[in-house]
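Worth saying up front: this structure is predicted, and the values here are computed from it rather than measured. Positions are given from 1 along the sequence. Below, all heavy atoms of this structure are taken into account, side chains as well, without hydrogens, waters or symmetry copies.
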Amino acid sequence: MKKHRKILKAAAIPAILTLGMGTLVLMPGLSSVLELQLNGGSPLFTLLTGHFVHHSLRHYIYDAAVFLALGAVVVRDHGLRSFLILTLGSALTVSLLLPLLAPQFASYRGISAVDTALVALVACRFLRDGNRLFRLAAAGTLIGMMLKFSYEIAFAQNVFVQETSFVPVVAAHLIGALWGILQWNFENGKRSIRKKLSFLFL
């Protein structure tokens, strides 16, 4: 019971953000205002808001399911601060780098780059700290992620969201994955350093 209460509490902030994204799906006019324009014509706030609007209901459902589930896991196991750093940091980094790495795109929508960062962070954690089954699943997830990127680059088609209203922005997903891996290493490194120096505070 206590375990269920903990995961429900951890899901609170990801759930609020997910509901907000769902509301924006029903408001296409506002979504257009919040969309990130990659040609430099966007207001600064769209560096963040562009990630919270989606092309369609189906796009939102796929993105939101991953964001809510893994967001809750990250809040529970790493803390709310870690979740917020990952969400805001990966989103801003994607927004700033996309005009350079994907100049063929005029605009950007979706939380999928942040999702990819969440997947990478959780996979890295289980790769090191999980039991054998979790380690195998984590390794398979990271390999599957690379295969997904390769498919989307080769065929310019979405793997999970089967629709043609938008083309996957693979550069955004690669940046997200790299952010998740680097954040896990940074957090784990900080814990290791703290552990090594703990004798100073005994």
Side-chain angles (χ1 to χ4, degrees), residues 1-19 21 51-52 54 59-94 97 110-153 158-162 168-198:
M1 191 70 173
K2 196 178 282 186
K3 210 172 185 181
H4 292 147
R5 208 175 293 131
K6 190 177 180 183
I7 193 68
L8 285 173
K9 187 178 177 184
I13 298 300
I16 290 168
L17 292 172
T18 300
L19 285 172
M21 289 188 285
H51 295 267
F52 293 92
H54 292 79
H59 184 207
Y60 161 74
I61 289 170
Y62 276 91
D63 276 10
V66 176
F67 183 77
L68 178 58
L70 292 187
V73 170
V74 169
V75 174
R76 183 193 64 187
D77 297 342
H78 298 260
L80 179 60
R81 182 169 173 267
S82 179
F83 168 75
L84 292 175
I85 288 172
L86 182 142
T87 300
L88 299 176
S90 61
L92 283 172
T93 303
V94 166
L97 292 182
I111 202 77
S112 57
V114 177
D115 285 350
T116 310
L118 289 167
V119 170
L121 178 68
V122 172
C124 285
R125 183 229 160 175
F126 283 127
L127 200 58
R128 173 164 175 171
D129 300 331
N131 58 33
R132 188 181 179 193
L133 182 62
F134 278 115
R135 287 200 299 271
L136 286 171
T141 297
L142 292 172
I143 292 168
M145 191 187 295
M146 293 302 113
L147 292 174
K148 174 182 178 289
F149 295 159
S150 301
Y151 176 90
E152 290 175 341
I153 290 169
N158 297 292
V159 172
F160 297 118
V161 187
Q162 295 300 315
V169 186
V170 183
H173 301 155
L174 285 167
I175 295 166
L178 186 59
W179 182 282
I181 292 166
L182 290 174
Q183 182 167 328
W184 182 86
N185 277 282
F186 177 74
E187 291 179 356
N188 189 65
K190 271 178 60 178
R191 281 197 295 273
S192 298
I193 292 167
R194 201 180 299 127
K195 193 174 179 182
K196 286 173 185 173
L197 297 178
S198 61

Starting at [atom1] of [X], measure out to [atom2] of [Y] and round the result to the nearest 0.5 Å.
| X | Y | atom1 | atom2 | result |
| --- | --- | --- | --- | --- |
| Ile13 | Thr18 | CD1 | OG1 | 11.0 Å |
| Met146 | Thr141 | CE | OG1 | 11.0 Å |
| Phe83 | Leu121 | CZ | CG | 11.0 Å |
| His59 | Ser112 | NE2 | OG | 5.0 Å |
| Ile175 | Leu92 | CD1 | CG | 12.0 Å |
| Leu133 | Arg135 | CG | CZ | 10.0 Å |

Minimum heavy-atom distance between [X] and [Y], given as atom pair plus value:
| X | Y | answer |
| --- | --- | --- |
| Ala72 | Ala10 | O-CB, 3.5 Å |
| Ala177 | Met145 | CB-SD, 3.7 Å |
| Leu142 | Ala120 | CD2-CA, 4.4 Å |
| Ile181 | Cys124 | CG1-SG, 3.8 Å |
| Gly71 | Pro14 | C-CG, 3.7 Å |
| Ala138 | Phe126 | CB-CB, 4.0 Å |

With a 4.5 Å cut-off on side-chain heavy atoms, are [Y] and [X] touching?
| X | Y | result |
| --- | --- | --- |
| His78 | Arg125 | yes |
| Leu70 | Val119 | yes |
| Phe186 | Ile85 | no |

Below 6.0 angstrom between ring centroids: does that apply to Phe67 and Tyr60?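 No, the ring centres sit 6.0 Å or more apart.
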
Is the backbone N or O of Ile111 less than 3.5 Å from a side-chain atom of Asp63, with the two atoms forming a donor-acceptor pair by type?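 At least one qualifying donor-acceptor pair exists.
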
The test is side chain to side chain contact (heavy atoms under 4.5 Å, CB included); show your working for Trp184 and Leu127 and say whether it passes. CA-CA 11 Å; Trp184 182 86; Leu127 200 58; over 6 Å; no

Partners meeting ring pair (Phe, Tyr, Trp, His ring centres under 6.0 Å) with Phe52 (sequence neighbours left out):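 So Phe52 forms no ring pair (Phe, Tyr, Trp, His ring centres under 6.0 Å) with any residue.
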
Ring pair (Phe, Tyr, Trp, His ring centres under 6.0 Å) against His173, all qualifying residues, sequence neighbours excluded: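 For His173 there are no ring pair (Phe, Tyr, Trp, His ring centres under 6.0 Å) partners, ignoring immediate neighbours.
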
Could you please spell out the steps behind the side chain to side chain contact (heavy atoms under 4.5 Å, CB included) verdict for Leu118 and Val66? CA-CA 8 Å; Leu118 289 167; Val66 176; 5.5 Å; no

Mind running side chain to side chain contact (heavy atoms under 4.5 Å, CB included) on Val122 and Val74 for me, showing each step along the way? CA-CA 7 Å; Val122 172; Val74 169; 3.7 Å; yes

